[in-house]
Amino acid sequence: MLKDKVALVTGAASGIGRAVALVWAREGARVVVSDIHEEQGQETAALVRELGSEALFVRADAGVAADNEALVAQTLRNFGRLDAACNNAGIGGVSAPTADYPLDAWDDVLRINLSGVFYGCKYQIAAMLQTGGGSIINMASILGAAGFANAPAYTAAKHGVLGLTKAAALEYSAKGVRVNAVGPGFIHTPMISGLEQDPATHAALLAAHPIGRLGQPEEIAELVAWLASDRASFVTGAYYPVDGGYLAR
Ligand code: NAI
């Protein structure tokens, strides 16, 4: 599905980002793996190679504009083009109600989860336009479409990702760059392991997903792979929940 495509994913040392890298590799893409964590990022790159695809690890902080610019530049130096990008890096932030939410925690979440997606899009779009187009997939959340108590920064950032996705899609779809957002429900990754450890919270999370379980990273990666491919050629400016029915309640 992605044969000969060059595809970049941020936050790929763990969880959903690693799963995206591996499904992309399975589908034949050459994969640029990026994260702030070098050792685990290199592990993801090694797993991509085990699947028979080329991989390049680039350390980059998604919340720093210059790192995003350098990441795209290195991709072009290595592979000569960029066909798909998944802006996936993100953090959960602290859990606190709005009036008590620490100012520095707000800044961190917005910098990584929203500004980071903007920086990614900015440099990725410029690169894709040079070679006739591409596909960008921004990792939002169900909390891009619904509120969640004690997560004001995360909820605001993910809603922002939807707005940014729509604006960029309007600007660039006619030039060949499709831009979409994906909204995972609660997925088994290190990001939510704290929530899963508390039995009452875990039970509440299960109850919030009509399918009766939480998701697996690969179940998000399958959609990301399809959106990256030419099979999704008429899909742009859209938001796709992958949430076991969470938003249908
Ligand atoms: P994770 O914690 O397993 O992986 C996140 C990765 O992002 C880690 O490898 C981490 O090192 C990296 N990262 C963090 N800050 C970074 C930065 N500044 N620059 C580069 N890399 C950075 O988390 P998970 O669950 O795989 O999350 C991936 C994305 O999916 C995030 O955007 C998250 O908000 C989103 N998401 C996750 C859900 C879940 O339930 N796990 C639900 C909905 C959305």
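Numbering of residues begins at 1 and proceeds along the displayed sequence. Atoms within each ligand, like the ligands themselves, are counted from 1 in listed order.
From the protein, the heavy atom lying nearest to atom 36 (N) of ligand 1 is Y154 OH, 3.5 Å. For atom 27 (O) of ligand 1, the nearest non-hydrogen atom of the protein is M191 CE, 3.8 Å. For atom 38 (C) of ligand 1, the nearest protein heavy atom (residue, atom name, distance) is G185 O, 4.0 Å. In this structure, the protein non-hydrogen atom closest to atom 3 (O) of ligand 1 is S14 OG, 2.6 Å. Annotation: atom 24 (P) of ligand 1 to nearest protein heavy atom, T189 OG1, 3.5 Å. Shortest contact from atom 14 (C) of ligand 1 to any protein heavy atom: G90 O, 3.8 Å. Looking at atom 43 (C) of ligand 1, its nearest protein heavy atom turns out to be P184 O, 3.4 Å. For atom 6 (C) of ligand 1, the closest non-hydrogen atom on the protein side is G11 O, 3.5 Å.
Residue contacts with ligand 1: A62 is placed with a nitrogen or oxygen under 3.5 Å of a nitrogen or oxygen of the ligand (distance criterion only). Residue N113 places no N or O, backbone or side chain, under 3.5 Å from any N or O of ligand 1. Where the criterion is an N or O separation shorter than 3.5 Å, residue side chain and backbone included, I187 meets it with respect to ligand 1. Here's the thing with D61: one of its N/O atoms is less than 3.5 angstrom from an N/O atom of ligand 1.
A heavy-atom separation below 4.0 Å is found between K158 and ligand 1. The closest approach between G92 and ligand 1 stays at or above 4.0 Å for every heavy atom of the residue. The closest approach between any non-hydrogen atom of D35 and ligand 1 is below 4.0 Å. Distances from ligand 1 to the non-hydrogen atoms of G183 include no value under 4.0 Å. Ligand 1 lies out of reach of A19, whose nearest heavy atom is not under 4.0 Å from it.
Residue contacts with ligand 1 for A140 involve N, CA, C or O but no side-chain atom from C-beta outward (heavy atoms, distance under 4.0 Å). With a 4.0 Å cut-off on non-hydrogen atoms, I36 touches ligand 1 through its backbone as well as its side chain.
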Evaluate salt bridge (charged side-chain N to carboxylate O under 4.0 Å, His left out) for R81 paired with D4, printing each intermediate quantity in order. CA-CA 10 Å; R81 56 186 299 116; D4 298 328; over 6 Å; no
Hey, mind stepping through E222 and V242 against side-chain contact (heavy atoms from CB on, under 4.5 Å) and telling me if it holds? CA-CA 10 Å; E222 289 292 342; V242 186; over 6 Å; no
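N87 and Q124 are linked by a side-chain donor-acceptor pair at a separation below 3.5 angstrom, with hydrogens and angles left out of the test.
By the 30° and 60° cut-offs, the orientation of the rings of Y246 relative to F186 is tilted.
Put simply, V32 and L22 are part of two different groups of oily side chains (I, L, V, M, F, W, Y) that touch within less than 4.5 Å, one to the next. Tracing side-chain contacts under 4.5 Å through hydrophobic residues (I, L, V, M, F, W, Y), one reaches I16 starting from Y240; they form part of the same cluster. With hydrophobic clusters built from ILVMFWY side chains whose heavy atoms lie under 4.5 angstrom apart, M191 does not share a cluster with I36.
The atoms of ligand 1 that sit less than 4.0 Å from any heavy atom of F186 are 40 (O). Applying the 4.0 Å criterion to heavy atoms of N88 picks out, from ligand 1, the atoms 28 (C), 29 (C), 30 (O), 31 (C), 32 (O). Here is the list of ligand 1 atoms found below 4.0 Å of a heavy atom in M139: 29 (C), 30 (O), 35 (C). Residue contact check: I112 has heavy atoms under 4.0 Å from atoms 18 (N) of ligand 1. Counting atoms of ligand 1 from 1 in the listed order, those under 4.0 Å from a heavy atom of G15 are 3 (O), 26 (O). In summary, the atoms of ligand 1 found under 4.0 Å from a heavy atom of A13, numbered by their order in the structure, are 9 (O). Residue I16 has at least one heavy-atom neighbour below 4.0 Å for each of these atoms of ligand 1: 26 (O), 30 (O), 37 (C). Counting the atoms of ligand 1 from 1 in the order shown, those under 4.0 Å from a heavy atom of A60 are 19 (N), 20 (C).
The salt bridge (Lys or Arg N to Asp or Glu O under 4.0 Å) test applied to E27 returns no partner, not counting sequence neighbours.
Remark: the backbone N or O of H209 is not paired with any side-chain donor or acceptor of D243 at under 3.5 angstrom. In this structure a side-chain-to-backbone donor-acceptor pair under 3.5 Å is missing from N180 to I137. Formation of a donor-acceptor pair under 3.5 Å by the D35 side chain with backbone atoms of A13 is found in this model.
Screening residues 161-177 for side chain to side chain donor-acceptor pair (under 3.5 Å) gives N138-T165, S173-T236 as the qualifying pairs, with residues at least two apart or on separate chains.
Annotation: side chain of Q130 is in contact with side chain of L76 (closest heavy-atom distance under 4.5 Å). V20 has its side chain out of reach of N88: every pair of non-hydrogen atoms, C-beta onward, lies at least 4.5 Å apart.
Summarising the geometry of H159 relative to L143, their closest heavy-atom pair is ND1-O, 3.0 Å, with the distance given to 0.1 Å.
Counted within 6.0 Å of CZ on R231, heavy atoms from surrounding residues, nucleotides or ligands total 12 or fewer; the atom is thus considered open.
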